Amino acid sequence: MSVPEKTDFIRDIVAEDLRTNKYGGRIHTRFPPEPNGYLHIGHAKSINLNYGIAREHAGGICNLRFDDTNPEKEEQEYVDSIIADVRWIAGTIDERIYYASDYFEQMYEWAVALVQKGKAYVCDLNADEIRESRGTLTEPGTDSPYRNRSVEENLNLLTRMRKGEFPDGSRTLRAKIDMASPNINLRDPIMYRIVHEDHHRQGSAWCIYPTYDWAHGLEDSIEGITHSICTLEFENHRPLYDWFLDALEIYHPQQIEFARFNLSYTILSKRRLRQLVQEGHVSGWDDPRMPTIAAYRRRGYTPESIRTVCEKIGVSKKDSIIDVSLLEWSIREDLNKHAQRAMAVLNPVKVVLTNYPEGQTEELPAMNNPEDESAGTRNVPFGRELYIDRDDFREVPPPKYHRLSPGKEVRLRAAYIIRCDQVIKDASGEVIELRCTYDPETRSGGPAANRKVKGTIHWVSAQHAVDAEVRLYDRLFLKEDPNEAPEGKSFLVNLNPDSLQVLTGCKLEPMLGSAAPGDRFQFERVGYFCVDTARTASGAPIFNRTVTLKDAWAKIEQRGRELTPAP
RNA sequence: UGUCGGGUCGUCUAAUGGCAGGACAGCGGCCUUUGGAGCCGCGAGUAGAGGUUCGAAUCCUCUCCCGACAGCCA
């Protein structure tokens, strides 16, 4: 009996290579981020792919490798965040952490070897001159005047480049391939550039740094990678990847490209994410509105839900945009099964039960998770004064409104049925208190509890309530494609001004007061929430809304509004 | 008309010459002590034109559309 495995074109290649014993039965992948920013949801797809393929085969391994070849953009802070994020998504990473910068000496030796073979040369052209001589997409380039230097002169110059005798940008080491190649990447690409800048791990050891095209295949070769999986934009670079490895006659992994992950209403360019952080449009890389892995974690997403998304979307070479609703479905699916239920009143209005004995209190058992009997129950304190959500009362109820209104009844979740007798307002006409009576016979689970009322609402005992701040997040951008901006405008015009709503003075059931950062709950009838790492100045906890519950009432109201002609 | 790559429901993805299926989204209904969840149902697709074949999303030809590449970024 065999269950058909979910596969994709890359897994098919891997399986075929295994069948033909191409790499002696080895499977070795790698995830190679550049430490120049935080990882985002797009990287999760790659992490899942590379670690996933490795784990699907006995003896398969995956390296986390920092592609730290550009000291101008890279920082230790990013290294640290990336390690934490990869661990969170992939689970154990077996401490297989590597750095391209550790291979700089070996790379240099190979560069010397290429010079000796007459396949690389030192070029004195500056950046502008190189660009001009490269030609265009439709016209061939022209040879550099330095292309035919002797091996000795090249070796001498390369040595002096490394020693630091020349200023930034004055010289480069280039591969001698073909200035007329229809593939621009093959027109004598640059292997080393001079950059007098300290490296976050190498310090001042180097002032020449390898470019991606030169370095990446070497890194893969050194680590014995079998399948070097990258995104589509490197497809045109594969001939170059192959050329370097062949010219050096060293171990040759196989580069395979797949389509990167895009998300609707979201921006995933690291450059733009950095801009959002640096210009203060968000509070940081882990602002819960960001699409970074750190932000999803802080917002309350589970790694499982993100993995589920990655599995659902598959792997192909087709440019695609994933609908954010898939992400929302995935986290709801997970949290519905696992999240502890709680009652929280975000926008409180006081209810006084006039027939409930003054000073009396009782503990009512409430289910922790109706989806999971084994989660058991907890006791929620009940008393004469309660808070309910302002939204759950209407003085003039619209059609099909099942909640509280004057003279009408509702059930209080896990408690009694109450009837609203009197509405008390302040001078400005705002409702400040509801006077109600409760029916003692209708205690939840009791003998007369079966009486039908249309609605059930959540509540919190005023005497026992815990105060908290609650942050409601909405999508950061208003447009499905945030890059679609009017002529001359940037993506920033599409920022959603209401992406964050801060609610203070929210009333929570007491159990929530002792929740720890990262704890996730379903606030019944409202949504899923997660305890933030920060607290308010007064010490109150802060809850981040992960995602709303699917709200059928919102849809009914919306339709009602559409059907009612504007006054 | 430089090179490379890609086009299947709104979105993502199966079908690898043999009934175009699934998921998300949408819509309708049932149920409900969360207007949650759950259950049932509906609509929706092979870019176009030719060809090969008993049979084509799949193979061939042409056309159209989309993406990547002219950093000393990755």
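Values in this document were obtained by computation on a predicted structure and should not be read as measured data. In the text below, chain A, chain B and the rest are named by the order of the sequence lines, each starting its count at 1.
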Can you check the distance between [N] and [M], where both ends of the measurement are the [atom1] atom (answer in whole Å)?
N      : M      : atom1 : result
G38(B) : G48(B) : C1'   : 45 Å
C59(B) : C24(B) : P     : 30 Å
A56(B) : A47(B) : P     : 15 Å
U46(B) : C19(B) : C1'   : 15 Å
C42(B) : A23(B) : P     : 13 Å
C31(B) : C40(B) : P     : 15 Å
C66(B) : U61(B) : P     : 23 Å
G28(B) : G43(B) : C1'   : 10 Å

### Phosphate contact (U13(B) OP1 or OP2) by Ser316(A) side-chain N/O below 4.0 Å
yes

Is the ring pair [X]/[Y] parallel, tilted or perpendicular, if the boundaries are 30 and 60 degrees?
X         : Y         : value
His216(A) : Tyr241(A) : tilted
Tyr438(A) : Phe382(A) : tilted
Phe491(A) : Phe477(A) : tilted
Phe66(A)  : Tyr99(A)  : parallel

Specify the separation, in whole Å, of atom [atom1] of [X] and atom [atom2] of [N].
X         : N      : atom1 : atom2 : value
Arg131(A) : C72(B) : CZ    : P     : 8 Å
Asn185(A) : A74(B) : CG    : P     : 13 Å
Arg11(A)  : A14(B) : CZ    : P     : 11 Å
Arg272(A) : C73(B) : CZ    : C1'   : 15 Å
Met191(A) : G71(B) : CE    : C1'   : 17 Å
Glu132(A) : G71(B) : CD    : P     : 11 Å
Glu373(A) : A37(B) : CD    : C1'   : 14 Å
Arg260(A) : C12(B) : CZ    : P     : 16 Å

Is the closest side-chain donor-acceptor distance between [X] and [Y] under 3.5 Å?
X         : Y         : answer
Thr211(A) : Asp213(A) : no
Asn368(A) : Arg341(A) : no
Thr136(A) : Glu139(A) : yes

Taking any heavy-atom pair under 4.0 Å as a contact, classify [X]: base, sugar-phosphate, or nothing.
X         : answer
Thr69(A)  : sugar-phosphate
Phe234(A) : base
Leu125(A) : base
His237(A) : base
Ile313(A) : sugar-phosphate

### Query
Tell me, what's RNA chain B's dot-bracket, Watson-Crick or G-U with both distances under 3.5 Å, | for other-strand, [ ] crossing?
.((((((..((((....[..)))).(((((.......)))))....(((((..]....))))))))))).....

### Name of the residue among Arg451(A), Arg419(A), Lys452(A) meeting salt bridge (Lys or Arg N to Asp or Glu O under 4.0 Å) with Glu409(A)
Arg451(A)

### Query
What string of B, S and - do you get for nucleotides 22-36 of chain B, 5' to 3', if B is base contact, S is sugar-phosphate-only contact and - is no contact with any protein heavy atom under 4.0 Å?
-SSS-SS----BBBB

### Message
Does anything in residues 317-329 of chain A form a salt bridge (Lys or Arg N to Asp or Glu O under 4.0 Å)? List the pairs, not counting sequence neighbours.
### Response
Glu235(A)-Lys317(A), Glu257(A)-Lys317(A)

Look for any protein N or O under 3.5 Å of an N or O in nucleotides 3-8 of chain B and output each such pair with its distance, or none.
residue : atom : partner   : partner atom : Å
U8(B)   : OP2  : Lys318(A) : NZ           : 2.4

#### Entry: Anti or syn - G67(B), cut at 90° from 0
anti

### Task
Determine yes or no for a side-chain-to-main-chain donor-acceptor pair under 3.5 angstrom, with Thr308(A) supplying the side chain and Glu304(A) the backbone.
yes

### Query
Would you find a donor on one side and an acceptor on the other, under 3.5 Å apart, between the side chain of Glu557(A) and the backbone of Ala554(A)?
no

### Query
So with a 6.0 Å cut-off around CZ of Arg272(A), is the heavy-atom count from everything else above 12?
yes

### Query
Within 45° of the axis and under 6.0 Å from the centre of the six-membered ring of Tyr98(A), does NZ or CZ of Arg65(A) qualify?
no

### Query
Given side chains that start at C-beta, do those of Asp178(A) and Leu186(A) come closer than 4.5 Å, heavy atoms only?
no

### Message
Which residues in residues 165-172 of chain A have a heavy atom closer than 4.0 Å to any atom of RNA chain B?
### Response
Gly169(A), Thr172(A)

## Note on the structure
Hits for salt bridge (Lys or Arg N to Asp or Glu O under 4.0 Å) against Lys45(A), two or more places apart or cross-chain, chain-then-number order -> none

### Query
Per the side-chain hydrogen bond (donor to acceptor under 3.5 Å, both in side chains) rule, which among Asp391(A), Thr456(A), Asp389(A), Asp392(A) passes with Arg525(A)?
Asp392(A)

